[in-house]
Amino acid sequence: REWIILWRIISTMETQVSNGPTANSLPNGPVVSTNGSTDDSKTNLIVNYLPQNMTQEEFKSLFGSIGEIESCKLVRDKITGGFLFLNFSGILTEIKWESTKRNPLFHSQSLGYGFVNYVDPNDADKAINTLNGLKLQTKTIKVSYARPSSASIRDANLYVSGLPKTMSQKEMEQLFSQYGRIITSRILVDQVTGISRGVGFIRFDKRNEAEEAIKGLNGQKPLGAAEPITVKFANNPSQKTGQALLTQLYQTAARRYTGPLHHQTQRFSSPSLLPRFSPITIDSMTSLAGVNLTGPTGAGWCIFVYNLSPEADESVLWQLFGPFGAVTNVKVIRDFTTNKCKGFGFVTMTNYDEAAMAIASLNGYRLGDRVLQVSFKTSKQHKA
DNA sequence: TATGATT
């Protein structure tokens, strides 16, 4: 057997509902009017840009200060129970998920938004006037009426890449607004320079509007742009894959165990002597219980790895680079349609000397029948 | 197949 099961993960990652009888119903408790129909449109609010660490209790307390709440919920990611897999060398390689239960290993993360349904429409109005724009830590919260829940507004979020770096959010909205009503938009920027990464998101009011925008804009060049843009449906952030969770687990462990890791890690100049070591061992795993998973930190040295096989996955990068020190992120670049590796990937390491050692050791390393080329990532260059 | 990017 190649794999052994290390831990049975038991988890519950349901959306929390603080009160009301509607814990397992729609996002918001229905208000039954005198004629028997439900209409939340004047009482039900959506709150966006909440601080990551805000709890359900704090959320309820803040909005409860305005008036009586019929129900409220902070939306969190849904993680089901599953298994962690280690191979015999002690490397965590896979997480598989199954049905839901309690989870001592992962805390589900707030998705940064929630719903509040007031008893009195006047309180909903007051909450918008009082709390919209409120600054909480680094966030400025947005409070607005929630659109009625329906299938037609689901999956209307688009991921856009290849945007000209000069394009503003407003210009992007102008480009997309011909296809429907835009609910939200965003352009991602480099954390250090503040320059656009050429990647953005557009949420339409309706799914069919988003579909039309894909048909009309995917592969098209915006006016004056040199390159065509890619437009596709965005991933749903609440549906984490096992690989994404594995990545998060490694990142959590790498950050938490940076100290001990340095002592445990041996450095080998010869790739053939690579120890099978990863940040997560049985010992360190036991104290991972209850950690809050957070996203990648961004800082570090980015390494380009070329000549990976089409079957390569993230675990091979963890296994190759983990022995050299703190690895915060790995990424295998895959073809969108085939999901096969396009032959290259990226690894982010925290410390320069460890990254340099990894490059010196792994460049030219024979992996199966391929010889890897490993270097610091450079900006995109065309062949002379 | 030689430098991505998923709030």
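Below, read A as the first sequence line, B as the second, and so on, with proteins coming before strands; counting in each chain starts at 1. Values reported hereafter were calculated over all heavy atoms of this structure, with side chains retained and with hydrogens, waters and symmetry mates removed. Only a predicted model underlies this, so the values are computations on that prediction, with no experimental measurement involved.
When the P atom of B:dT7 is taken as reference, atom NZ of A:Lys142 falls 18 Å away, rounded to whole Å. The NZ atom of A:Lys377 sits 9 Å away from the C1' atom of B:dA5 (whole-angstrom rounding). The CG atom of A:Leu163 sits 15 Å away from the C1' atom of B:dG4 (whole-angstrom rounding). Rounded to whole angstrom, the span from the CG atom of A:Asn48 across to the C1' atom of B:dT7 amounts to 11 Å. What separates CG of A:Leu317 from C1' of B:dG4 is a distance of 13 Å, to the nearest Å. Taking atom CD on A:Gln52 and atom C1' on B:dT7, their separation rounds to 11 Å, with Å as the unit. Protein atom CD1 of A:Ile195 is 16 Å distant from nucleotide atom C1' of B:dA5, rounded to whole Å. Rounded to whole angstrom, the span from the CG atom of A:Asn307 across to the P atom of B:dT3 amounts to 13 Å.
Residues satisfying the side-chain contact (heavy atoms from CB on, under 4.5 Å) criterion with A:Glu173, sequence neighbours excluded, are A:Gln169, A:Ile182, A:Ser185.
No donor-acceptor contact under 3.5 Å links the side chain of A:Lys331 to the base of B:dT3. Residue-to-nucleotide contacts include a donor-acceptor pair under 3.5 Å from the side chain of A:Asn157 to the base of B:dT7.
Taking every side-chain heavy atom of A:Arg197 into account, B:dT6 is the closest of B:dA2, B:dT6, B:dG4. The side chain of A:Asn235 lies closest to B:dT6, out of B:dT1, B:dT3, B:dT6. In the set B:dA2, B:dT6, B:dT1, B:dT1 carries the atom at the smallest distance from any side-chain atom of A:Arg370.
When the shell of 6.0 Å around CZ of A:Phe376 is examined, it contains more than 12 heavy atoms from other residues, nucleotides or ligands.
Here A:Phe201 does not count as stacked on B:dT6, because the ring centres are not under 5.5 angstrom apart with planes under 30°.
Between A:Lys342 and A:Phe346, the residue anchored nearer the 5' end of DNA chain B, judged by the nucleotide with its closest heavy atom, is A:Lys342.
The hydrophobic cluster around A:Ile333 extends to A:Phe304, A:Tyr306, A:Phe344, A:Phe346, counting ILVMFWY residues whose side-chain heavy atoms fall within less than 4.5 Å of a member.
When heavy atoms are screened at a 4.0 angstrom cut-off, A:Phe344 is found touching the sugar-phosphate backbone but no base atom. If you check every strand for non-hydrogen atoms under 4.0 Å, A:Lys340 touches nothing.
Taking NZ from A:Lys142 and CG from A:Leu50, the interatomic distance works out to 12.0 Å, rounded to the nearest 0.5 Å. Summarising the geometry, atom CG belonging to A:Asp155 is positioned 5.0 Å from atom CZ belonging to A:Arg207; distances are rounded to the nearest 0.5 Å.
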